[in-house]
Amino acid sequence: MSQRIAILPETITNKIAAGEVVERPASVIKELLENSLDAGATDISVEITAGGRRLVRITDNGHGMSREDALLSLERHATSKIRTDSDLDGILTLGFRGEALPSIASVSRFRLATRETDSLEGTEIVVEGGRVRDVKACGMAPGTVIAVEQIFFNTPARLKFLKSAETETGHVGDAIARMAVSRPDVAFSLVSDGRELLRVQKSDLRRRIAQAVGRDAAAGLHEVAGSGGGITVTGFISGPSVVRSSTSAMFTYINGRFVRDKVVQHAIMQAYRGVIDRGRYPVLALFVELPPDEVDVNVHPTKHEVRFRRQASVHDALQAALEEVLRRSPWLTHRREMEPAATALPPTGQAYRERIAAAAQASLDIPVRPARTPYPASYPPTGEKGVVHTVAPSNDTVKESAEPFRPAPAPTDSTGYFSALGIIGQFHGEYILCQSGAELVIIDQHAASERVAYQRLRRQFLAGGVESQRLLFPETLELSFSEGALVVRFHDDLARIGFELEPFGGATVIVSALPRLAAGNGGMGLVRDIVAELTALGTSSAFEASVDGLLARIACHSVVRGFHPLDSSQINELLKAMDETDFAASCPHGRPVSHTITLLELEKIFKRT
Ligand code: ADP
Ligand code: MG
């Protein structure tokens, strides 16, 4: 066929963001996938061995190249995608720099076989470290096959930067997943060391997202379709029930190109403010389309960054499109209903005080003076040590949802500071009020339980391993490919902190055991958090260094958050455990665990001194 490719004149190449695009096997694959898609392929298969170090092979059914073009494609700045300066302002293809093939071919043993649909035979070109070794005719199906063997064989310094095969495989999987989400109309597959990690047929976007991020997410996706000011935003986003602890399931595209962009990210998180908790991220695939002259993709050689001409408009259009969906979705009203009455104004007045007093009486089963003043209604001291059971809340702070307070028996074994405290009661299902001599001690029960759990976990870890509990029904959890790779790599370390995670094809893992202390509380969220934490690590030695952080995570998941009534035996148990704990006065996150108010301070408040 005719010649498509031409070498760009220097006047244009000078304007193209320069730099290396080949960093690792995944970046080779990203470039080659872009080329296949630009060539109109509808079926692309990727094969790697040893994480792509030994071999990366991509086979597509795109339009292929003539022999002349195939030879030209290996020259620097040879491209079929732009011709002139002005083309740079309106790039519609994924590629345009004409540098990927020569860059890849110069650092590997490279083989290109390509055939145009209407040619009788294909062309095969063998290149070694940038030198063409052989050009010959070959029989093949229409399309292109590119095999990259022994990447960086001639640049040992760059070889050194490659990570383990699992890690590199993870990056490859992620790169393919990003492409696959952007083009549900194209079939993709990935085979690694003979094992199929991914195979997706031509499909629709919703199904494609589910294949990339996990079925658990698919049901909770909501469609986005907004436009305005020449910008359209389409795709699917999750509500608050499907969140992740990292941005790994946020797929964002500008004009079909995967980008990680600060403006885009910020707009998304703004829209989710109040919908999901801080530190959590939605699952989404969003496609922002705008006139090509409004976005500069020629900022960075890998094209993962872009520059918008009208940054604020893109931000606002994106935020508005998401808010539109998030606002009319059912969970928002739901969530408000479910929230504890924390934001409601405390009720006041006689009727309310009487209700509190009645509730207290019912629960304490001892005489109660109806409270007539805004001061706490108190009871005569009961038992030894001057323990005072008090309906403690003052009118300003009590919440209607507060559970009645329960009497606490005097501590039985009072060896430690905390077990020696006189328990007054529990406040708002979140705080334990105690008395120690002339001091009022307020304990944050979550912070305390977390600290206790953390210390237990540490003790277990040092004694050989965190106790784990097998799940009755092992659960599968779908992660990103690089997260899946981490699970393989840290398998043994994870076992030492109580997790039993086994790879189960693709990026799915089977969770069959969890740290016992946290096994009861939505364990899959914990696994995701731990994996997110591991993402930040480099090598196995780093695992040792970050074990404390991981144990703190587990401790955090072992604690029931929010309003949580405790009975007196549970309070006693917690205080006892606090004494057994090497108790730095803060939770693993550094928040204080208890706070003391002296009698003198109280007297000042009430202007008695
Ligand atoms: P760019 O994609 O920026 O143009 P590349 O070095 O990636 O530069 O590719 C050079 C040229 O080779 C492309 O412009 C295209 O014409 C041709 N080419 C590369 N890969 C393929 C493919 N898989 N099928 C058909 N043509 C291809
Ligand atoms: Mg290219």
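Ligands are counted one by one from 1 in listed order, and the atoms in each one are counted from 1 as well.
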Would you mind running through ligand 1 and noting each atom that sits below 4.0 Å from a heavy atom of Ile5? 11 (C), 12 (O), 16 (O), 17 (C)

Residue-ligand contact Gly143/ligand 1, heavy atom below 4.0 Å: no

Could a heavy atom of Gly62 be found less than 4.0 Å from some atom of ligand 1? no

For atom 12 (O) of ligand 1, state which one of Ser103, Ala100, Ser73, Ser36 supplies the nearest heavy atom. Ser73

Nearest non-hydrogen atom to atom 4 (O) of ligand 1 belongs to which of Leu72, Thr79, Asp69, Leu37? Thr79

Ligand 1 N/O within reach of Leu101 N/O, cut-off under 3.5 Å: yes

Going by atom types only, do Thr114 and Thr144 share a side-chain donor-acceptor pair under 3.5 Å? yes

Is any N or O atom of Phe96, backbone or side chain, closer than 3.5 Å to an N or O atom of ligand 1? yes

So how far is it from Ser546 OG to Arg553 CZ, rounded to the nearest 0.5 Å? 11.5 Å

Give a yes/no verdict on whether any heavy atom in Glu31 is under 4.0 Å from an atom of ligand 1. no

I'd like to check whether Arg97 has a polar contact with ligand 1, where a contact means an N/O of the residue lying under 3.5 Å from an N/O of the ligand. yes

Quick test of your reading of the model: are Glu544 and Arg496 salt-bridged, counting only N-O distances below 4.0 Å? yes

Taking the non-hydrogen atoms of Arg4, is any one of them nearer than 4.0 angstrom to ligand 1? no

Tell me yes or no: between the side chains of Gln265 and Thr247, is some donor less than 3.5 Å from an acceptor? no

If we only count N/O pairs under 3.5 Å, is Ala78 in contact with ligand 1? no

Sort out for me which residue in Leu205, Val224, Val233 forms a side chain to side chain contact (heavy atoms under 4.5 Å, CB included) with Phe287. Leu205

